[in-house]
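A short worksheet on the structure shown next.
Every chain is numbered from 1 and lettered A, B, ... according to where its sequence line falls, protein lines coming before strand lines. Basis for what follows: all heavy atoms, side chains included, without hydrogens, waters or symmetry-related copies. What you see is a predicted model; the values in this text were computed from it and never measured.
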2 protein chains.
Amino acid sequence: MSYAPLACVSPVAQRRPNACCNASCRHASACEATRGGDERLLDMRSVVERVGPFSEGDRLVQPGAPHRAAFTVLTGFAKTVGDGRVLAFHLPGELFALDIARSHTHDVSVVAVGKTWFCRFPKDATDDLGDTNTDIAQHLRHLRRRERQVSSRSGDGSALQRVAGLLADLLRRRRAIEGPGQFVPLPMSREDIGSYLGMSTATVTRMLARLRDSEAIAIRADGVDVLNEGALLA
Amino acid sequence: MSYAPLACVSPVAQRRPNACCNASCRHASACEATRGGDERLLDMRSVVERVGPFSEGDRLVQPGAPHRAAFTVLTGFAKTVGDGRVLAFHLPGELFALDIARSHTHDVSVVAVGKTWFCRFPKDATDDLGDTNTDIAQHLRHLRRRERQVSSRSGDGSALQRVAGLLADLLRRRRAIEGPGQFVPLPMSREDIGSYLGMSTATVTRMLARLRDSEAIAIRADGVDVLNEGALLA
DNA sequence: CGACTCTTTGATCCTGATCAACACCGGTGG
DNA sequence: CCACCGGTGTTGATCAGGATCAAAGAGTCG
């Protein structure tokens with residue numbers, strides 16, 4: 001299926017230097033930028049800027065734009081779009097857009113899903129930190145490697161398996177940030193999920209319905225509750 | 001589909017140092033090891049060993065074995081198998097198994113398709129050549145990069161498109177070695193082709209039949225003649 | 001020649017796309 | 001407050017591509 005081009009405007013984004021990145025941030029305990037407040041990485045907090053608010057469909061980065069920063073989602077939700085498909089989803093607390101060590105320009109869009117604030121880590125500043133702080137340099141290398149691996153995702157398996165796999169993946173990732181819980185937020189549209197998984201919106205709905213009928217999940221307006229984790233992986 | 005594990009024995013391979021790698025080799029004009037006899041690369045000939053004969057199903061390299069050489073097919077045909085699937089086919093004259101710069105061990109099998117002889121380029125010797133001959137070093141880097149790109153193949157498109165694409169690819173590659181011609185050898189089984197393309201043997205046969213019916217190809221016992229190249233690409 | 005394997009071909013089934021109808025929900029305007 | 005409206009999600013009906021199963025050629029090797 002083809003993914004419709006995004007009709008969106010450039011965001012009117014404020015930037016507030018280091019307004020909020022401290023222990024009182026709701027993600028402080030697990031934010032990937034500081035690996036949950038690891039003291040060796042706390043210098044990352046000195047370079048962060050809060051940017052937003054972004055509305056549904058606003059682009060945080062655009063293809064061709066120079067690569068000048070990495071980001072985390074502070075509040076809200078985001079997706080990476082490229083080649084006419086959704087390539088990734090980003091949960092609050094997750095660091096992304098490290099890509100492009102090669103080309104120095106973005107080749108994808110990062111788009112807000114609903115009202116969203118981001119934390120921006122300027123590349124110049126983080127590189128400087130990495131020069132004097134080997135822990136930060138290593139942490140960034142690790143995240144960059146992970147981002148590259150994630151981008152080569154599978155695409156095989158049945159539609160049901162792919163939907164269940166996405167839910168399991170989002171649940172695991174959300175727990176890594178938010179702690180134990182059963183809820184998986186799905187603020188993105190069914191079309192986004194279908195684009196990401198390579199199937200139609202109707203099939204996404206149907207597979208979710210089948211998981212509900214098998215009592216693996218309960219469907220809510222804003223996401224799903226995972227009732228039987230084992231059933232998702234099988 | 002799953003690809004059956006290979007039941008094969010280790011080959012009883014002879015090694016003859018530099019017995020045949022010279023201008024009289026039938027692939028000398030295009031062999032990728034010397035880029036068709038490029039004089040700057042002729043030192044490659046001094047390190048080659050001829051190995052064989054290998055019979056149908058014999059393995060040239062096995063997963064886990066140390067990576068000690070690259071190879072070309074001298075006569076016959078070969079396939080690379082890994083993860084239970086056929087990952088690549090190798091025509092006479094093509095250099096392969098440069099992989100594994102990372103792990104220093106093979107993670108795939110290379111299997112002979114029919115009676116096959118290989119030319120073996122020991123890694124130690126080619127590395128030594130690369131130290132003193134920048135042309136050879138660059139050539140090896142180029143081939144290694146290409147091998148890495150090829151390994152990330154598409155997998156999308158309809159069954160007909162994938163079959164036609166394979167034929168077009170093999171035709172292009174054969175012409176690069178053997179010169180102009182319409183013939184594409186298919187010594188591998190339909191199961192191998194299906195495994196490579198991700199479809200059943202029945203579908204491979206049916207797609208070939210459709211290309212025959214549309215007069216794009218003529219099917220022979222040992223391969224196909226391409227009658228309408230444009231039809232393959234469309 | 002006979003046994004065996006591979007290929008071809010036909011028949012049927014299953015998955016997921018596509019199309020269409022409808023429900024639902026948040027706005028917007030009366 | 002309610003009628004209207006467009007977008008999104010759900011559900012049903014139909015369709016197409018390929019998988020699977022089965023049976024019939026076609027080599028191939030003993």
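Annotation for B:Arg212: atom CZ counts as buried by contact number, over 12 foreign heavy atoms lying within 6.0 Å. Within 6.0 Å of atom CG in A:Asp222, more than 12 heavy atoms from other residues, nucleotides or ligands are found, so the atom counts as buried in its surroundings.
To the nearest angstrom, C1' of C:dA17 lies 14 Å from CD of A:Glu191. In this structure, A:Asp192 atom CG and D:dG7 atom C1' are separated by 14 Å, rounded to whole Å. Look at CD on A:Glu56: it is 15 Å from P on C:dG26, rounded to the nearest Å. Spacing between atom CD1 of B:Ile219 and atom C1' of C:dT8 amounts to 10 Å, rounded to whole angstrom units. Taking atom CZ on B:Arg210 and atom P on C:dT9, their separation rounds to 14 Å, with Å as the unit. In this structure, A:Asp222 places its CG atom 12 Å from P of C:dG26, rounding to the nearest Å. Rounded to whole angstrom, the span from the CG atom of A:Leu197 across to the P atom of C:dG16 amounts to 12 Å. Going from atom CZ of B:Arg220 over to atom P of C:dT7 covers 17 Å, rounded to whole Å.
Each of C:dG16, D:dT10, D:dG18 was ranked by its minimum atom distance to the side chain of B:Ala159; first place goes to D:dG18. Nearest nucleotide to the side chain of A:Arg190, out of C:dT7, D:dA19, D:dT10: D:dT10. When each of D:dC21, D:dT10, C:dG16 is scored by its nearest atom to the side-chain atoms of A:Thr205, the top-ranked nucleotide is D:dT10.
B:Ala221 comes within 4.0 angstrom of no nucleic acid atom, judged by non-hydrogen atoms across all strands.
Contact annotation: the side chain of B:Val204 approaches that of B:Met199 to within less than 4.5 Å [non-hydrogen atoms, C-beta and beyond].
Regarding contacts with the backbone of D:dT20, every side-chain N or O of B:Arg206 stays at 4.0 angstrom or more from both OP1 and OP2. Regarding contacts with the backbone of C:dG16, every side-chain N or O of A:Thr203 stays at 4.0 angstrom or more from both OP1 and OP2.
By the 4.0 Å N-to-carboxylate-O rule, B:Arg172 lies close enough to B:Asp169 to be salt-bridged with it.
Between A:Phe54 and A:Phe118, the angle of the ring planes goes over 60°, which puts this pair in the perpendicular group of the 30/60° scheme.
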